[in-house]
Protein chains: 2
Amino acid sequence: MQTLRERKKRRTRDALLRAAVELFTSRGYEATTVDAIAEAVDVSQRTFFRYFAGKEEAALGLVELTVERFVQAVRERPAHEPPLEALRQAVLDGWSSINEVVESVVPVELYLRMYRVIESTPVLLAAYLRRSTEVEETLAAVIAEREGLDVDADPRPRLAVAVFSGVMRVTERQWVAQEEGEFSLAGIRALTSRYLDQVGPALLGDWREA
Amino acid sequence: MQTLRERKKRRTRDALLRAAVELFTSRGYEATTVDAIAEAVDVSQRTFFRYFAGKEEAALGLVELTVERFVQAVRERPAHEPPLEALRQAVLDGWSSINEVVESVVPVELYLRMYRVIESTPVLLAAYLRRSTEVEETLAAVIAEREGLDVDADPRPRLAVAVFSGVMRVTERQWVAQEEGEFSLAGIRALTSRYLDQVGPALLGDWREA
DNA sequence: AGGCTAAGGACAGCCACTGACAATTGACAA
DNA sequence: TTGTCAATTGTCAGTGGCTGTCCTTAGCCT
């Protein structure tokens, strides 16, 4: 077991993250001041900034949890799987196990609602997309290693990951735009599979005969 | 000919954009205050914000010029070209004709340097990526219309554009990372073609026999 | 128990951005 | 030409995100 100090720090951070997510999802991101978040946890504004580099980081904190998990899942995929297959399975598994990752901080429902806040808040969406490109870079390295290639010599790892990520973006975008019914974990998994299956057809020359 | 007022406005905007780009590329984005830009043009800070929604918008002003041109180029591609071919040609043509679009505001050299500033400044990169997704949405609509499809019924237009954009991102990223020699208009055109040609191979299952 | 160090609070200040109001200046008709 | 109207700009005050500094508090460890 950790020391008291460490436990306290973890609790403060979780409390800040939870308060931030609750305020963002209820009042909106822009309408929530950092002061309000700090006040909700009863710490000074300065303390908030000691735990999060900025308001954005608190808003993307939940996503970050799942991102790390996803990258790890890709690493652990069986070596015989082709790159795109490994990515596909890792994503699908990731969506299935979100519960375990997120639940300790906030209920999954809030996680989903936070996704919509991100997508509908320009500055958050921007930050999210930038973070995604960082993840792409990491994934490209992982894929390259799996295939025994040099990322900087062979463009295929980066290209494959970029294509995959592009499809994931389209998927998420369509997902959050859906009605309450389809906006669920089952919904995103179904969409993911459907869209990945459509990549091949989408790249063929003539769409009219597909 | 336009009225004196309109000409004055245009001149003020161009001057602000020019001053912004010059300061961003020489001192860096974060190190440049809006006050400094306004002062360089001898207008009040308030006036700057009347022309640009924020510092970001001024930084992306040059890119915006070329984006509009690119979308237009896609629209004007011959109808018989398959989607990806139309996009490819439009991009390549776009890089060729940048001179004409940009030169009226700043020398092309500054345009290229600004690209590097964007790529190396987190908040700018984020804003750029978000803008790119907006462009993707527009392109998807254009492509869908070319093919006589409904964007919301058929996922292929969005997927094709997303894949294409993903490849463009990787291309740009590699491009700005290059040495001064390859960091040129000829360089980006060559990279673009090369990477687009590698998409097919990158999506195949087994890379070892390609 | 007491010294050491990590964590938090208080305070001051910078900068991006906005609303409101007043002053200026071009447009346009009498 | 001149007077009126409207668009453009400047000034000022204020908000909110974020940072540096300094001091206090509180867990840690001998």
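Every chain is numbered from 1, with letters handed out A, B, ... down the list of sequences. These numbers come from the heavy atoms of this one structure, side chains and all, not from hydrogens, waters or symmetry mates.
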With a cut-off of less than 4.0 Å, is there a side-chain N or O of A:Tyr51 near OP1 or OP2 of C:dA7?
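No, because none of the side-chain N or O atoms of A:Tyr51 sits under 4.0 Å from OP1 or OP2 of C:dA7.
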Is B:Lys8 close enough to D:dT8 that one of its side-chain N or O atoms is under 4.0 Å from OP1 or OP2 there?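 Answer is no, no contact under 4.0 Å.
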Under 3.5 Å donor-acceptor, A:Arg146 side chain and A:Glu81 backbone
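Side chain of A:Arg146 to backbone of A:Glu81: a pair is present.
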Any donor-acceptor N/O pair, B:Thr66 side chain to B:Val63 backbone, under 3.5 Å
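Confirmed, B:Thr66 side chain pairs with B:Val63 backbone.
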Nucleotide by nucleotide, nucleotides 11-22 of chain D touches protein heavy atoms under 4.0 Å in the pattern (B base, S sugar-phosphate only, - none) B-----SBBBB-
Indicate whether any N or O donor in one side chain lies under 3.5 Å from an N or O acceptor in the other, for B:Ser132 and B:Arg169.
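Absent: no donor and acceptor within the cut-off.
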Atom [atom1] of [X] and atom [atom2] of [N]: how far apart are they, to the nearest Å?
X       : N      : atom1 : atom2 : result
A:Leu16 : C:dA7  : CG    : P     : 14 Å
A:Lys9  : D:dA26 : NZ    : C1'   : 14 Å
A:Gln2  : D:dG27 : CD    : P     : 16 Å
A:Arg13 : C:dA6  : CZ    : P     : 20 Å
B:Glu39 : D:dG10 : CD    : P     : 13 Å

Q) Taking for each residue the nucleotide of DNA chain D bearing the nearest heavy atom, is the 5' side occupied by B:Arg5 or by B:Asp42? A)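 Nearer the 5' end of the strand: B:Arg5.
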Do the side chains of B:Arg131 and B:Glu57 get close enough for a salt bridge, i.e. N-O under 4.0 angstrom?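 Here B:Arg131 does not pair with B:Glu57 in a salt bridge, since their nearest N and O are not under 4.0 Å apart.
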- Item | Separation of B:Leu65 CG from B:Tyr111 OH (nearest 0.5 Å) |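 These two atoms lie 8.5 Å from each other.
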- Task: State, yes or no, whether a side-chain contact exists between B:Arg50 and B:Thr47 at a heavy-atom distance under 4.5 Å.
- Result: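 They are in contact (side-chain heavy atoms under 4.5 Å apart), so the answer is yes.
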